[in-house]
Amino acid sequence: MLKRFLSERPLRLPHLKPYVPRASDPAIFWFNSERDDVVAEVVNRICAAHETDRARLEVALNDAAFHEIRRLERQRDEEARDRLGYWRSMIRRIGKMDDIEQRRVLHTIVTDMTRDVAGNFDPRVYRFSRRAVPRLIGAVMEPRSLTKDLIGTEQNSIERILKVQGDLDHLRHLQNEGSLVYVPTHSSNLDSIVLSQALEMSGLPPVVYGAGKNLFTNPIISFFMHNLGAYRIDRRIHVGLYKNILKLYSQVMIERGYHSLFFPGGTRSRSGMIERRLKLGLLGSAVEAFTTNRVRRVDRPVWFVPTTINYALVLEAETLIKDWLMEEGQARYIIEDDEFSRIDRWFAFFRKMVGMRGACIIRFGEPIDPFGNRIDGRGQSMTPTGRTIDPGGYVERRGKPVIDPVRDAAYTRELGDVLANRYEQDTVLMSTQVVAHVLFRDLVASSPGMDLFARLRLRGEIALDRETLCRKLGEARDRLCALEARGRVRTSDVVKEDTPSELLDRALSFWSGYHDSSAVTLEADRIVISDPSLLLYYQNRLVPFAEDIADPDQLRAACEIQNLGVHR
Amino acid sequence: MSLRIGVVGAGGFGRAIAQASARNGHEVLVWSRKDRELPGSIRTSTDIQDIQSRELIFLAVPARHAAEAAGQLGTVVDGRHLMVHISRGLVGAELKTITQVVREKTVCRRLGALAGPLLADALAEGRPSGAILGTRFPELTRLVREAIGGSGLRIYETTDVVGVELASATVGFLTVMLAYAQEVGVDPSTLAVLATRGIVEVSRIGQTLGAKESTFMGLAGLGDLIAAVAGDQRPESRLGRALAKGVDLTNAIGEAGAYVEGIEVASHLIEHARRLGLETPISSTFVALSEGRISREDAIEALMERDVGKE
């Protein structure tokens with residue numbers, strides 16, 4: 001009951017007096033005063049696209065009723081009891097309705113759906129969260145630091161966990177000139193929270209982002225997400241109109257200059273590999289926002305910030321890799337029973353992370369325009385040789401900007417390719433990933449001819465002595481550093497600076513006592529692989545680089561590992 | 001409406017495209033490194049800046065010059081331009097396609113690759129023919145059809161750009177091999193087996209690079225190969241025949257009369273396939289044969305003794 005109440009009606013603080021934004025406030029501080037206007041614009045555009053064509057309108061209404069009835073019949077919950085009757089009665093009447101009634105019904109459905117999607121932004125919640133939450137989380141996770149954290153004289157625990165990289169001055173300048181769209185890699189449900197914190201630490205304004213409705217079931221998370229600009233995405237709804245509303249809501253927000261965040265991977269990387277196959281829907285909304293502004297002669301550029309979120313320890317690693325291996329990644333799109341919903345795992349996770357230097361690195365990559373071009377310090381698009389160009393040319397036909405959804409969809413696919421390449425270059429490889437790769441490569445080399453699943457059953461059967469492992473680790477690290485010098489990838493400071501032995505100990509320390517099963521166990525001076533699946537998850541980050549960092553005698557094993565990513 | 005068309009490269013294909021476009025009533029400018037005279041209303045230039053005023057650009061240079069030409073174009077083109085290339089090759093051991101190279105060197109994004117059994121002579125003279133255009137941008141297909149299409153030329157379209165480029169590049173190699181086989185007098189059935197299994201082999205590699213199998217079975221692959229076997233006198237066919245007569249590879253390339261990249265492309269593809277654990281019996285055997293590493297008898301034996309599987 002409470003779960004549904006919170007998911008349907010997220011808590012908002014009462015407004016004793018309306019907040020009047022100052023000119024210096026970021027755009028999102030103005031959101032609440034524009035919220036109704038944004039909803040109306042989305043509703044009007046969706047309805048206008050259907051109203052001139054009765055056949056299209058009827059298909060949209062039938063599609064909505066059909067999918068909602070199917071969903072609610074499966075759900076068999078309170079929502080089903082409330083709404084099933086409405087949809088069943090509507091689907092019977094669609095054919096008998098005249099044009100006016102069909103349009104009225106469409107308007108009602110679209111308005112309800114858009115209102116459900118639209119977020120909220122409460123500056124009070126934002127101010128509270130930016131000051132108090134990191135310190136409180138730090139204090140709860142590490143009681144010894146309570147005094148320091150609350151007084152705030154030193155780095156708080158969150159700041160010790162999280163390192164931010166990238167040209168932040170450039171981003172701070174651009175955020176005043178156009179709409180920034182952050183497009184990060186996606187490993188964990190913590191990503192949007194961690195990224196919001198990284199923006200805060202970098203002096204960058206908060207962003208608008210979509211969050212799965214399942215995340216709103218946790219009352220604390222729901223309160224913060226809802227009041228910090230998140231809009232809600234109910235992944236159970238398969239209605240065509242709803243998908244259009246989500247895309248258009250995102251587009252209208254970007255058109256109006258709200259900085260946004262979405263994960264082009266669509267869902268968390270189940271395998272742990274760097275995403276290559278990106279979902280283009282929301283990405284396309286940003287490209288179309290650029291075109292629409294140009295056609296309306298609004299000179300508000302849209303820039304994408306490819307971002308990588310790199311964890312040494314992933315909260316939900318075990319569930320994710322299990323899901324990938326079961327090939328249920330698609331079917332179990334919404335996992336509600338993973339580590340994210342278990343508060344004890346949060347505690348264990350943060351305790352582990354706080355103890356380790358730079359356990360999470362957010363890297364903001366070089367911003368690009370919707371066509372993959374770099375941006376100079378003044379916000380101008382640049383050619384590879386540094387000549388500035390007008391990006392408006394991309395949407396012109398014979399000198400005039402025109403709306404062309406097919407062309408923009410093609411640009412979006414091109415942009416997806418650019419982002420996938422940028423993710424590889426900007427991924428920061430962490431200690432656990434490098435150690436896992438060297439161990440997993442040895443497991444592959446020791447089991448020639450076996451398939452992946454047979455190898456994953458080799459629990460406790462493959463062991464390396466510490467000295468040999470450290471030697472291989474040192475060689476792999478040196479090759480990774482050489483790749484880094486050529487701009488192919490990045491490594492964390494600890495990967496660069498630790499001795500191989502320290503690197504190994506660091507990874508072992510991360511794994512020990514957090515996951516249900518340990519990736520490796522220590523037996524005297526030998527390291528025994530005890531959970532190859534977990535190793536696979538962490539090592540998968542290195543799949544594109546396996547061949548480049550392999551010893552000559554392990555090239556075959558490295559090729560096999562690299563082949564894991566051929567169709568990723 | 002008359003289009004402003006630019007052609008980069010004044011080789012056989014560049015001139016043919018210029019002639020076909022001019023015949024269709026468009027305003028054509030051909031850029032080349034050397035001063036050229038071209039018939040009719042076609043303008044020529046050695047200044048790359050002149051290309052800037054064009055809306056549709058055809059890049060008609062061999063693959064080995066593509067990076068340099070793209071670099072020069074990079075200094076003048078912007079987001080307004082649409083570009084199509086007609087190179088039948090790949091660049092370097094990384095098997096980069098020409099559109100990848102153009103994307104790296106320029107800011108042009110509305111790109112396409114024109115391929116298939118189209119010949120420069122047929123295009124220049126307006127004889128009936130067909131081609132395939134790989135592009136993600138339908139507006140580019142419309143413009144290319146307007147520029148050089150018409151009653152004499154049917155231009156089909158696909159969004160599998162990388163498939164078109166890989167199929168086109170690998171047909172070059174298969175043409176060398178089939179010309180070799182014809183010259184040594186193999187039976188038509190053997191020729192058919194080599195052609196069919198050869199296409200399957202290269203399409204399998206192509207799929208690992210993002211291409212679709214169906215593209216290899218269409219105009220860019222099988223269609224182009226049929227034209228080559230039917231005897232359209234390509235340099236690749238001349239190279240294959242010279243090799244069959246016992247001429248060594250370096251001299252045979254000289255006899256072909258034009259730079260042929262087929263063997264080099266095949267060597268890179270074989271290396272790529274080896275890394276992925278894919279078998280390439282036909283390509284590997286023929287590359288070894290053409291480089292003189294095995295005899296003709298050993299090649300036949302190596303191919304015939306392999307296990308036969310499902311198609």
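The chains referred to below are lettered A, B, ... by the order of the sequence lines, with proteins before strands, and numbering in each begins at 1.
- A distance of 14.0 Å separates CZ of Phe371(A) from CZ of Arg103(B), quoted to the nearest 0.5 Å.
- Residue Arg33(B) places its CZ atom among 12 or fewer non-hydrogen atoms of other residues, nucleotides or ligands, all under 6.0 Å distant.
- Put simply, the side chain of Thr106(B) does not reach to within 4.5 Å of the side chain of Pro384(A), judged on heavy atoms.
- Nearest approach of Ile389(A) to Asp78(B), heavy atoms of both residues: CG2-CB, 3.9 Å.
- Heavy atoms of Leu3(B) lying under 4.5 Å from chain A belong to its backbone as well as its side chain.
- Using a 4.5 Å cut-off between heavy atoms, Val76(B) contacts chain A through its backbone alone, with no side-chain atom that close.
- What you find for Arg136(B) and Ala410(A) is that their closest heavy atoms are O-CB, 3.2 Å.
- Surrounding CZ of Arg556(A) are at most 12 heavy atoms belonging to other residues, nucleotides or ligands under 6.0 Å away.
- Here the shortest heavy-atom pairing between Arg387(A) and Val77(B) reads NH2-O, 2.6 Å.
- Heavy-atom neighbours of Glu279(B) CD from other residues, nucleotides or ligands within 6.0 Å: at or below the threshold of 12.
- For the residue pair Gly79(B) and Tyr411(A), the shortest heavy atom distance occurs at O-OH, 4.5 Å.
- Smallest separation of non-hydrogen atoms from Gly393(A) and Arg110(B): O-NH2, 3.2 Å.
- Of all the heavy atoms in Arg275(B) and Cys559(A), the pair that sits closest is O-CB, 3.3 Å.
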- Does the side chain to side chain contact (heavy atoms under 4.5 Å, CB included) test come out yes or no for Thr383(A) and Lys105(B), once each step is laid out? CA-CA 8 Å; Thr383(A) 69; Lys105(B) 302 269 183 187; over 6 Å; no
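- Only the side chain of Arg397(A) comes within contact range of chain B, with heavy atoms under 4.5 Å apart.
- Residue Asp417(A) touches chain B through its side chain alone, counting heavy-atom pairs closer than 4.5 Å.
- Counting heavy atoms of neighbouring residues, nucleotides and ligands inside a 6.0 Å radius, atom CZ of Arg154(B) does not exceed 12 of them.
- Neither the backbone nor the side chain of Glu560(A) comes within contact range of chain B; no heavy atoms are under 4.5 Å apart.
- The distance from atom CD of Glu547(A) to atom CG of Leu276(B), rounded to the nearest 0.5 Å, is 8.5 Å.
- The environment of Arg398(A) atom CZ is dense: over 12 non-hydrogen atoms of other residues, nucleotides or ligands sit within 6.0 angstrom.
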